[in-house]
Amino acid sequence: PLTAPDAALDPLSEVPPLGRSGSIALRHAHAVVAATGRGDARAVRTAVIRAERELASLVTATGSTWRPSPAIAHVVAHLQQTAALDDSRPEHAAELATFEGDGATDPYFTHLARARGALARALAGDLPGATAALADARVRLGGPAEPDVGAVLDAFEALVHVRSGRLVASEAALARSRESGRDRRGVTILRGLQAVVGAQLALARLDLDTLDEELAVGHRHAADEDAAWFLFLEARALRETLHGNPAKALALLADGAPGRTRSTLARRVLERCTVDALCALGEINRAQAILDRHDLGRLHPVAQARVHLLAGEHEAAETIASRVAWRPGSNLGQRTSLNVIRAAALADRDGDAVTAWRRALVLAAGEQNLLPYAFLPGKVRDRLLAEPELLPPGAGERLARVSLDVPEPVPLVLLTPRERVVLEHLVVHDTLPAVAAALTVSVNTVKKQTLRIYAKLGVNERRAALRRARELGLV
């Protein structure tokens with residue numbers, strides 16, 4: 001994105017031995033952008049450190065008669081933010097947003113730092129903090145400033161809103177960003193961010209035609225965006241799932257970002273998307289295995305409640321949805337999804353179900369958020385299509401275009417992490433002593449764990465256990 005040194009960045013040309021500091025800063029910016037594009041977090045950090053050292057050496061080499069212009073300090077802070085976002089350190093990226101520098105000299109980087117700091121908070125799950133940071137940045141932007149800052153700020157604001165389920169506010173911010181123009185500095189891939197937001201909005205509205213248009217733009221501009229590449233990949237995978245190709249979605253999620261180092265944040269988003277694809281395939285137990293890792297079920301209550309619903313465990317699904325939907329910190333998107341799941345879980349209780357569907361309708365219709373309805377079991381969705389008054393306006397037509405056919409409930413077998421390991425070894429080894437040797441435990445320990453596995457699977461011998469485990473997607 002940074003294609004050439006900009007003489008306006010540093011007018012001090014009286015330092016010939018070391019070259020213009022603006023050129024040096026931009027050369028290092030090139031190095032950081034290249035490392036970010038490769039997804040190599042260590043290379044990003046190394047490039048930033050080299051930039052800081054060489055830019056600082058300008059002060060040492062020239063003595064007290066010269067200092068780098070304030071714009072160079074902004075460039076360095078921007079590079080540090082890039083590294084922090086790419087290396088899954090959103091808190092540090094948010095802290096760097098407080099860098100003030102000399103706004104009068106170069107307001108662009110000052111406001112861009114605040115916008116990226118807000119995005120960092122959003123990616124860390126602090127949506128209220130992100131909203132407050134964006135509001136503060138908007139106030140500080142004030143009067144005439146760098147003409148492209150407003151477009152960048154609006155794009156980040158739209159992304160924060162769409163991730164929190166505030167679709168109307170996101171749509172308005174995206175429209176402002178696109179009307180404002182483009183980022184002529186080329187520091188942020190603005191059109192890529194806009195395409196990511198547009199795709200997320202189209203997904204939420206089940207507007208499949210607009211989704212394809214936004215993804216086409218995203219292919220050209222968003223795939224390598226340092227802060228949002230995994231959101232673009234998520235949108236591509238969800239598109240395949242909605243078109244009835246969850247297996248293709250899983251392949252995309254596994255191989256769709258070659259060379260990318262998946263940060264903690266990226267991994268959480270993509271693992272949640274993987275759970276959705278597995279649910280669409282009926283692989284409920286594989287989905288639960290992912291949620292069991294790193295306590296993801298607690299971090300993604302919508303996914304956990306959906307797994308219980310599709311496993312036929314309606315009471316567990318209703319309990320999670322009721323407990324989490326209205327607790328402090330839940331955003332509008334989560335509340336909408338959880339209320340839809342709760343209503344589906346109560347489908348067999350006619351009076352309670354109608355009340356629950358109407359409550360979900362109020363939340364979904366206000367933002368026209370239709371995506372939660374697409375992941376309902378087939379019978380529940382058919383029943384809703386027959387009673388359109390329980391759906392948001394226009395939802396029936398868009399749901400009818402969705403090719404996703406959620407399978408019938410599959411029993412959920414909750415194995416402990418250790419039991420999962422033993423089951424995997426039972427696939428490879430023919431005898432319990434062989435399993436015990438591989439795990440370096442006693443045969444008696446393996447025998448006890450194996451008997452617990454048999455009981456949960458409803459079988460009493462190894463072959464039947466492996467056959468049942470394959471049927472349930474456990475191995």
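Here, residue 1 is the first one in the sequence, and each next residue gets the next number.
Pairs passing the ring-ring contact (aromatic ring centres under 6.0 Å, His included) check and including a residue from residues 369-426, sequence neighbours excluded, read His425-His429. Listed by first then second residue, pairs satisfying side-chain hydrogen bond (donor to acceptor under 3.5 Å, both in side chains) with a partner in residues 316-333 read Glu318-Ser322, Glu318-Arg342, Ser322-Arg342, not counting sequence neighbours. A side-chain hydrogen bond (donor to acceptor under 3.5 Å, both in side chains) check over residues 464-475, counting only residues at least two apart or in different chains, returns the pairs Arg468-Glu471.
Counting heavy atoms from C-beta on, the side chains of Leu167 and Gln368 never come closer than 4.5 Å. Annotation: side chain of Asp207 is not in contact with side chain of Leu370 (no heavy-atom distance under 4.5 Å). Contact of the Val422 side chain with the Thr450 side chain is registered, since non-hydrogen atoms from C-beta on lie closer than 4.5 Å. Between Ser164 and Leu332 there is no side-chain heavy-atom pair separated by less than 4.5 Å.
Residue Glu461 places its CD atom among more than 12 non-hydrogen atoms of other residues, nucleotides or ligands, all under 6.0 Å distant.
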Donor-acceptor list for residues 282-289 side chains, cut-off 3.5 Å, not counting sequence neighbours:
residue	atom	partner	partner atom	Å
Asn285	OD1	Val413	N	2.8
Asn285	ND2	Pro411	O	3.0
Asn285	ND2	Leu472	O	3.0
Gln288	OE1	Gln304	NE2	2.8
Gln288	NE2	Asp292	OD1	2.9
Gln288	NE2	Gln304	OE1	3.4

Side-chain donor-acceptor pairs under 3.5 Å in residues 385-403, sequence neighbours left out?
residue	atom	partner	partner atom	Å
Arg398	NH1	Arg205	O	2.9
Arg401	NH1	Asp209	OD2	3.3
Arg401	NH2	Asp209	OD1	3.3

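Side chains of Gln200 and Glu214: no donor on one and acceptor on the other come within 3.5 Å.
When Leu211, Leu252, Asp276 are each tested for a side chain to side chain contact (heavy atoms under 4.5 Å, CB included) with Leu238, only one passes: Asp276.
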Check the pair Ser170 / Leu201 against side-chain contact (heavy atoms from CB on, under 4.5 Å), numbers first and verdict last. CA-CA 8 Å; Ser170 177; Leu201 280 169; 3.9 Å; yes

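Arg452 has a carboxylate O that lies under 4.0 Å from a charged side-chain N of Glu419, or vice versa, which qualifies the two as a salt bridge.
Using a distance-only test at 3.5 Å, with no hydrogens or angles considered, no donor-acceptor pair links the side chain of Ser337 to the main chain of Gln334.
Under the salt bridge (Lys or Arg N to Asp or Glu O under 4.0 Å) criterion, Asp430 pairs with Arg462, not counting sequence neighbours.
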